[in-house]
There are 2 protein chains.
Amino acid sequence: MAAVPNRSQVAEMLSLLRSRGERVTTARRAVLEALVQYRDDHLGTEELALRIREDHPDIHLSTVYRTLEYLEDQGLVHHVHLAHRAVSHHVAQDHHQHAVCDHCGRAFDLDISMFDELSRRLADEHGFTVELGHITIGGRCADCSA
Amino acid sequence: MAAVPNRSQVAEMLSLLRSRGERVTTARRAVLEALVQYRDDHLGTEELALRIREDHPDIHLSTVYRTLEYLEDQGLVHHVHLAHRAVSHHVAQDHHQHAVCDHCGRAFDLDISMFDELSRRLADEHGFTVELGHITIGGRCADCSA
DNA sequence: TTCACTGCAAATAGTTTGCACATAG
DNA sequence: CTATGTGCAAACTATTTGCAGTGAA
């Protein structure tokens, strides 16, 4: 799916920051690396911070919060409200939607094309520009319907 | 839209509870009345509790939380994650979707038919049963796009 | 009368902030 | 060198829970 190997995706985002005159710090690199490495795991912020600390025990949870906020401001990261209380972050390029089972909590990635008609109608009928990637669909997964 | 006038919608839900052998209390009646009265205002839980207290100063915030949870268990109420931190409740019969502007926070009600294709594809391709009414679409409203 | 419900206060979870020190540029 | 970023502790917000008293059936 990615036209560019993961390895350089972080490097690319870091040079983008540098080109904007932003500082590149250990925490920023570590957060981006973790988001790329665990991209499929839909980790909450605290869980993400735990993984980051495996390699960087000195990076504080509050720094992860601040860094994620910063990276969102920079447009490099988006967030999704997955389960009821958990917020999950992902790099902006990984645009996908989620369906979350209200029963078991599992998150399923959805193809963006599923939202084509919906976005078009929202634009036409309400002038509303959907921010894809932020949508979460709740319901019952196949297993939990049984 | 409703086949039944608002006035009796609460009464109806209360008799349903009674018919199940559940207790009808002041708090339960007050919460349902407020949900019906302010159905278009997308109130958060705390704000809802404030309105309820105008008439029933003795109903505690924690009771509102517990009552909403109870009414959800009974299937009479659903909740929606509207803005980033706010959870809003509405009576289950008022099934509609929301688009929330990430910029000004306004919520727009959407026609359910917009989700027909999406629900069908989720069912067909993933065996996932969408719980309509729980979906929130983020993005920019027409005004804030300017 | 009896057991579910409620008020209150205190606990918890997730997130944010002030401040002094560390570090990228 | 100097502004920006970070660690830490403490504050905050939304929500939940334990317990003893209240009230619906």
Side-chain angles (χ1 to χ4, degrees), chain A residues 10-11 13-34 42-53 55-74 76-77 79-89 105, chain B residues 10-11 13-34 42-53 55-74 76-77 79-89 105:
Chain A
V10 171
M13 293 190 279
L14 293 178
S15 11
L16 178 60
L17 289 182
R18 259 188 272 265
S19 75
R20 290 177 185 166
E22 297 292 322
R23 291 191 182 176
V24 169
T25 66
T26 310
R28 290 176 184 176
R29 189 186 342 261
V31 167
L32 286 173
E33 278 170 355
H42 306 296
L43 302 177
T45 311
E46 199 144 4
E47 212 174 351
L48 181 71
L50 274 176
R51 305 294 175 95
I52 290 172
R53 277 168 140 152
D55 288 320
H56 307 271
D58 47 323
I59 293 183
H60 198 272
L61 175 60
S62 67
T63 299
V64 175
Y65 275 106
R66 278 189 282 221
T67 302
L68 286 168
E69 192 188 4
Y70 164 82
L71 292 170
E72 281 208 78
D73 288 348
Q74 292 294 321
L76 294 179
V77 164
H79 76 270
V80 185
H81 301 265
L82 276 185
H84 283 189
R85 268 177 150 191
V87 169
S88 180
H89 294 257
Chain B
V10 171
M13 291 189 282
L14 293 179
S15 9
L16 179 59
L17 289 183
R18 259 189 271 263
S19 75
R20 290 178 185 165
E22 297 292 321
R23 291 190 182 176
V24 170
T25 66
T26 310
R28 290 175 184 178
R29 190 188 338 265
V31 167
L32 286 172
E33 279 169 355
H42 306 294
L43 302 177
T45 311
E46 197 143 7
E47 212 175 350
L48 181 71
L50 275 174
R51 305 293 178 95
I52 290 171
R53 278 167 139 152
D55 289 320
H56 307 272
D58 47 321
I59 294 184
H60 198 273
L61 175 58
S62 66
T63 300
V64 175
Y65 275 106
R66 278 189 281 220
T67 302
L68 287 169
E69 192 188 3
Y70 164 81
L71 292 170
E72 282 209 76
D73 287 348
Q74 292 293 321
L76 295 178
V77 164
H79 76 270
V80 185
H81 301 265
L82 276 184
H84 283 189
R85 269 178 149 189
V87 170
S88 181
H89 294 258

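To find a chain, count down the sequence lines: A is the first, B the second, and so on, and within it residues start at 1.
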Nucleotide [N], atom [atom2] - distance to [atom1] of [X] in whole Å:
| X | N | atom1 | atom2 | result |
| --- | --- | --- | --- | --- |
| A/L68 | D/dT6 | CG | P | 11 Å |
| B/H89 | D/dT15 | NE2 | C1' | 10 Å |
| B/H60 | D/dT16 | NE2 | P | 14 Å |
| A/R28 | D/dG5 | CZ | C1' | 6 Å |
| B/D58 | D/dG23 | CG | C1' | 13 Å |
| B/R53 | C/dC8 | CZ | C1' | 11 Å |
| A/R20 | D/dT4 | CZ | P | 17 Å |
| B/E47 | D/dA14 | CD | P | 11 Å |

Practice prompt. Classify the nucleic acid contact of B/R66 as base, sugar-phosphate or nothing, counting any heavy atom under 4.0 Å across all strands shown.
Written response: base

Practice prompt. Could you please name the option among D/dT17, C/dT15, C/dA24 that lies closest to any side-chain atom of B/S62?
Written response: D/dT17

Fill in: Candidate nucleotides C/dT15, D/dA25, C/dC5, ranked by approach to the side chain of A/V87 - the nearest
C/dT15

Worksheet item: Under the side chain to side chain contact (heavy atoms under 4.5 Å, CB included) criterion, do A/L32 and A/T67 qualify, and how do the steps go?
Response: CA-CA 9 Å; A/L32 286 173; A/T67 302; over 6 Å; no

Discussion item. Assuming nearest nucleotide by heavy-atom distance, tell me which of A/T26 and A/E69 is located more 5' along DNA chain C.
Written reply: A/E69

Should [X] be listed as having a side-chain N or O under 4.0 Å from OP1 or OP2 of [N]?
| X | N | value |
| --- | --- | --- |
| B/R23 | D/dG23 | no |
| A/T25 | D/dT6 | yes |
| A/Y65 | C/dT16 | no |

Could you measure the distance from the [atom1] atom of [X] to the [atom2] atom of [Y]? Nearest 0.5 Å is fine.
| X | Y | atom1 | atom2 | answer |
| --- | --- | --- | --- | --- |
| A/I52 | A/D58 | CD1 | CG | 11.0 Å |
| B/E33 | B/R51 | CD | CZ | 15.0 Å |
| A/E69 | A/E72 | CD | CD | 8.0 Å |

Worksheet entry | Residue closer to the 5' end of DNA chain D, B/E46 versus A/Y70 (nearest nucleotide) | A/Y70

Worksheet item: Stepwise, does the side chain to side chain contact (heavy atoms under 4.5 Å, CB included) test hold for B/L17 with B/Q74?
Response: CA-CA 8 Å; B/L17 289 183; B/Q74 292 293 321; 3.8 Å; yes

